[in-house]
Protein chains: 2
Amino acid sequence: MRISALAAEAGLPVATVKYYLREGLLQPGIATSATQASYDEHHLRRLRLVRALTGPVGLSVQQARAVLQLVDEPGDDLYATLGRAVGALPPEGAEPAEASDPFPRARAALEELGQVYDPGFAAVAQLECALAAAEDAGMPITRERLARYGRAAADLAAYDLERMPREPHAAVEYTVLGTALYEPVLLALRRLAHQDVAVRRLGRARPVE
Amino acid sequence: MRISALAAEAGLPVATVKYYLREGLLQPGIATSATQASYDEHHLRRLRLVRALTGPVGLSVQQARAVLQLVDEPGDDLYATLGRAVGALPPEGAEPAEASDPFPRARAALEELGQVYDPGFAAVAQLECALAAAEDAGMPITRERLARYGRAAADLAAYDLERMPREPHAAVEYTVLGTALYEPVLLALRRLAHQDVAVRRLGRARPVE
DNA sequence: ATGATTGGATAGTTGTACTCTCCAATATTA
DNA sequence: TAATATTGGAGAGTACAACTATCCAATCAT
């Protein structure tokens, strides 16, 4: 399969595929001559993944590249790789910074939840940032709500982890892509559940089942 | 309070505050003369909200404007207003489109969950889009996982709705801002829960409680 | 043999989110 | 009261991201 066929298959302009090649999101095809290279379904699958990450997931090209690189070469420390991969996902919280207690809100929250955490883990900064934003906007999160959300998150995590493949490479792919791809699903479901509950409570005619 | 004081208070350049005024994210101050206007804490709170929406929540300026307008002037149909507000939040799924069954995956999923839904509701398109992305990327969501996520979402929605203010204006603000501001919290908690579960299972030394 | 296609590089386009510069009118300060 | 600083408002300018278009000489298909 040549580049034009690959692009057509993926429904993208050739110029865009070339752009992804340049940016390192797509591995180069096997060169069959100075001006020809061949691509296979592996490349097609990758292209679809790139579109999923830059589209619905909302990653920038650079973030997608970072995530894909980690999936491609996980390194031998599974734990560190997963941490780094999640750090590459939006939203980006400010980095660890300076102070003795850089994440006061997140620390308090996690202690309250009785959760183990690594202060270097990017999600801690993300949590701090999100909690601060809610506060700044005048809608701070109550302890009770935090506990509720935390419990739900823990349930889902337990479920997901049970299904994680044993083999390290597959485990990284599963976790990283699972985080990136399933989060939008969870958010959409939450929004729809809000609507469902609202309709049942407020009583409204329009919706159909 | 004049514009420079407002900007200083919010930690922003004056030019940026002017930009938000131009873009209609911030309501103009009360003009005290041809070249002076005065702002109060109301404006400051709004400015913080704008930063929360364009920062951690990840809205573009236009999306933030759309959300804020709905919060400001909810219209008399609470249900429609909430639907429109959620539609203004990312990620944007393609619009209803054409075909007889524009959202096959989402429809199947919601039927499976036994949920009431309005096909015109933006979150349906978002769900369709997210499910399609997961499929395209080679990690389709199983029925079982969907059920699990759906149940978690329903629990959270029930909790949130119970706490929704009665007064319509306040209800819109609560729902819209709650969606925008609490979603990042939920995602961060999910990521941290993954790590927590992983550590407990895989056994790892570094993290602290 | 001849027109189309390719990889590779460079430049151009579009859109977003600011940021800067001006200006005359006002406010503050000396 | 005179000199200096600040303001609101408008328009232009900047920086970056994500493509998109153009070239080119080397192949490839017919």
Side-chain angles (χ1 to χ4, degrees), chain A residues 1-40 43-44 46-68 88-92, chain B residues 1-40 43-44 46-68 88-92:
Chain A
M1 196 193 292
R2 284 163 303 184
I3 198 173
S4 57
L6 178 68
E9 202 82 28
L12 291 174
V14 174
T16 303
V17 176
K18 284 185 178 184
Y19 169 63
Y20 289 153
L21 281 168
R22 263 198 315 274
E23 293 299 319
L25 297 188
L26 182 66
Q27 49 282 74
I30 297 153
T32 60
S33 83
T35 65
Q36 224 86 11
S38 86
Y39 303 86
D40 56 19
H43 293 92
L44 182 56
R46 174 62 156 256
L47 217 37
R48 284 203 234 270
L49 178 56
V50 168
R51 293 304 282 190
L53 292 179
T54 60
V57 177
L59 299 194
S60 70
V61 167
Q62 315 195 29
Q63 290 168 329
R65 178 175 45 215
V67 168
L68 290 170
L89 261 34
E92 330 204 24
Chain B
M1 193 194 291
R2 284 161 304 183
I3 198 173
S4 58
L6 178 67
E9 202 81 26
L12 291 174
V14 173
T16 302
V17 176
K18 286 185 177 183
Y19 169 64
Y20 289 153
L21 282 168
R22 262 201 312 275
E23 293 299 319
L25 298 187
L26 182 65
Q27 50 281 73
I30 297 154
T32 59
S33 83
T35 66
Q36 224 88 10
S38 87
Y39 304 85
D40 57 19
H43 293 92
L44 182 55
R46 175 60 156 257
L47 217 37
R48 285 203 235 271
L49 178 55
V50 168
R51 293 306 281 190
L53 292 180
T54 59
V57 177
L59 300 194
S60 70
V61 166
Q62 316 195 28
Q63 290 168 329
R65 177 176 43 215
V67 168
L68 290 170
L89 261 34
E92 330 205 24

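Order of the sequence lines sets the chain letters (A, B, ...), proteins ahead of strands, with each chain counted from 1. Just so you know, these numbers use all the heavy atoms, side chains as well, and skip hydrogens, waters and symmetry mates.
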Worksheet item: If every non-hydrogen atom of A/A64 is compared with every non-hydrogen atom of A/T54, which pair is closest and at what distance?
Response: CB-CG2, 4.2 Å
Worksheet entry | Presence of B/S4 side-chain N/O under 4.0 Å of D/dT7 phosphate oxygens OP1/OP2 | yes
Discussion item. Please enumerate all residues that pass side-chain contact (heavy atoms from CB on, under 4.5 Å) together with B/T35, with sequence neighbours excluded.
Written reply: B/S33
Discussion item. Less than 4.0 angstrom between a side-chain N/O of B/S33 and OP1 or OP2 of D/dT7, yes or no?
Written reply: no
Practice prompt. Ignoring backbone atoms, establish whether A/Q36 has a side-chain N or O less than 4.0 Å from OP1 or OP2 of C/dT5.
Written response: no
Would you give me the side-chain donor-acceptor pairs under 3.5 Å for residues 3-10 of chain A, sequence neighbours excluded?
none

Worksheet item: Looking just at side-chain N and O atoms, do A/Y39 and A/R46 make a donor-acceptor pair shorter than 3.5 Å?
Response: no
Item to complete: Could you please spell out the steps behind the side chain to side chain contact (heavy atoms under 4.5 Å, CB included) verdict for B/M1 and B/D40?
Response: CA-CA 6 Å; B/M1 193 194 291; B/D40 57 19; over 6 Å; no
Item to complete: Return the value, rounded to whole Å, for the distance between atom CZ of B/R65 and atom P of C/dT16.
Response: 10 Å
Discussion item. B/R48: which residues meet the side-chain contact (heavy atoms from CB on, under 4.5 Å) condition with it, sequence neighbours left out?
Written reply: A/D136, B/L44
Item to complete: Please report, rounded to the nearest Å, how far the C1' atom of D/dT6 is from the CZ atom of B/R2.
Response: 8 Å
Worksheet item: Is there a residue in residues 12-32 of chain B whose heavy atoms reach under 4.0 Å of DNA chain D, and which residues are they?
Response: B/K18, B/R22
Worksheet item: Which pairs count as salt bridge (Lys or Arg N to Asp or Glu O under 4.0 Å) when at least one residue sits in residues 56-67 of chain A, sequence neighbours excluded?
Response: A/E23-A/R65
Worksheet entry | A/I3 CD1 to C/dA9 P, straight-line distance once rounded to whole Å | 13 Å
Discussion item. Tell me which residues in residues 46-61 of chain A lie within less than 4.0 Å of DNA chain D, going by non-hydrogen atoms.
Written reply: A/S60, A/V61
Discussion item. Given 3.5 Å as the limit, does a donor-acceptor pair link the side chain of B/T16 with the main chain of B/L12, or not?
Written reply: no
